[in-house]
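Here the structure comes first, spelled out in structure tokens, and everything after it is commentary.
The basis for the numbers below is simple: all heavy atoms, side chains too, and nothing from hydrogens, waters or symmetry mates. Ligands are counted one by one from 1 in listed order, and the atoms in each one are counted from 1 as well.
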Amino acid sequence: MISTVGKVLFLKNIELFSQIPGEDLAQIARITDELSLEDGEVVFQQGDPGDTLFFVVSGTVKVTRGQAVVATLGPKDVFGEMALLDSEPRSATITAAEDVQLLRIQRDDFHDILTEKAELALGIIKVLSRRLRATTARQYDAP
Ligand code: CMP
């Protein structure tokens with residue numbers, strides 16, 4: 001069980017929240033809840049409706065589309081932002097690649113803080129840009 005102080009310390013080290021002052025992080029920490037999964041457990045499936053954003057506290061998760069592994073995400077990484085932002089179904093399946101601890105935020109709560117904090121919106125755009133860049137490089141660059 002992670003305390004609110006522990007959550008604040010964790011969020012402080014996430015790039016997405018690096019520009020957010022401590023007192024606001026405490027408010028964000030209070031609207032997160034914790035989820036622990038064992039190796040092999042599925043967080044959600046490609047095609048599911050999605051209204052939750054996740055942060056990896058410890059362990060790693062696999063992002064898969066069909067049989068293909070798209071990415072492996074570890075501590076401080078965020079996932080689930082796409083369905084949250086565009087209300088489309090989940091673009092990939094997320095599976096615990098070892099025992100993992102996650103924090104999650106519900107869509108309405110995240111939207112509330114997103115509309116108040118421009119820095120957070122910029123952080124999400126950065127995450128999306130980085131992923132698009134990596135996907136483009138993988139698809140078009142010579143191996
Ligand atoms: P979402 O579509 O809500 O659910 C699946 C999640 O996998 C997606 O949000 C992203 O967080 C993550 N994801 C999808 N594609 C990639 C990618 N190319 N690289 C890293 N993560 C991804």
Would a distance-only check, ignoring hydrogens and angles, find a side-chain to backbone donor-acceptor pair under 3.5 Å from D48 to Q45?
yes

Have T93 and Q46 got a donor and an acceptor in their side chains that come within less than 3.5 Å?
no

Should E119 and K126 count as an ion pair when the cut-off is N to O under 4.0 Å?
no

Under 4.5 Å between side-chain heavy atoms, hopping through other hydrophobics if needed: is there a path connecting V69 to L37?
no

Under 4.0 Å from ligand 1, residues with heavy atoms, in chain and number order, are F44, V63, V70, A71, F79, G80, E81, M82, A83, R90, S91, A92, I94, R131, T135

Acceptor/donor pairs from residues 27-35 side chains to any protein atom, 3.5 angstrom cut, sequence neighbours excluded:
{"from": "T32", "atom 1": "OG1", "to": "K7", "atom 2": "NZ", "distance (Å)": "3.4"}
{"from": "T32", "atom 1": "OG1", "to": "A29", "atom 2": "O", "distance (Å)": "2.7"}
{"from": "D33", "atom 1": "OD1", "to": "R104", "atom 2": "NE", "distance (Å)": "3.1"}
{"from": "D33", "atom 1": "OD2", "to": "R104", "atom 2": "NE", "distance (Å)": "3.4"}
{"from": "D33", "atom 1": "OD2", "to": "R104", "atom 2": "NH2", "distance (Å)": "3.3"}
{"from": "E34", "atom 1": "OE1", "to": "I2", "atom 2": "N", "distance (Å)": "2.7"}
{"from": "E34", "atom 1": "OE2", "to": "Q101", "atom 2": "NE2", "distance (Å)": "3.0"}

Just wondering, more than 12 heavy atoms not from K117 lying within 6.0 Å of its NZ?
yes

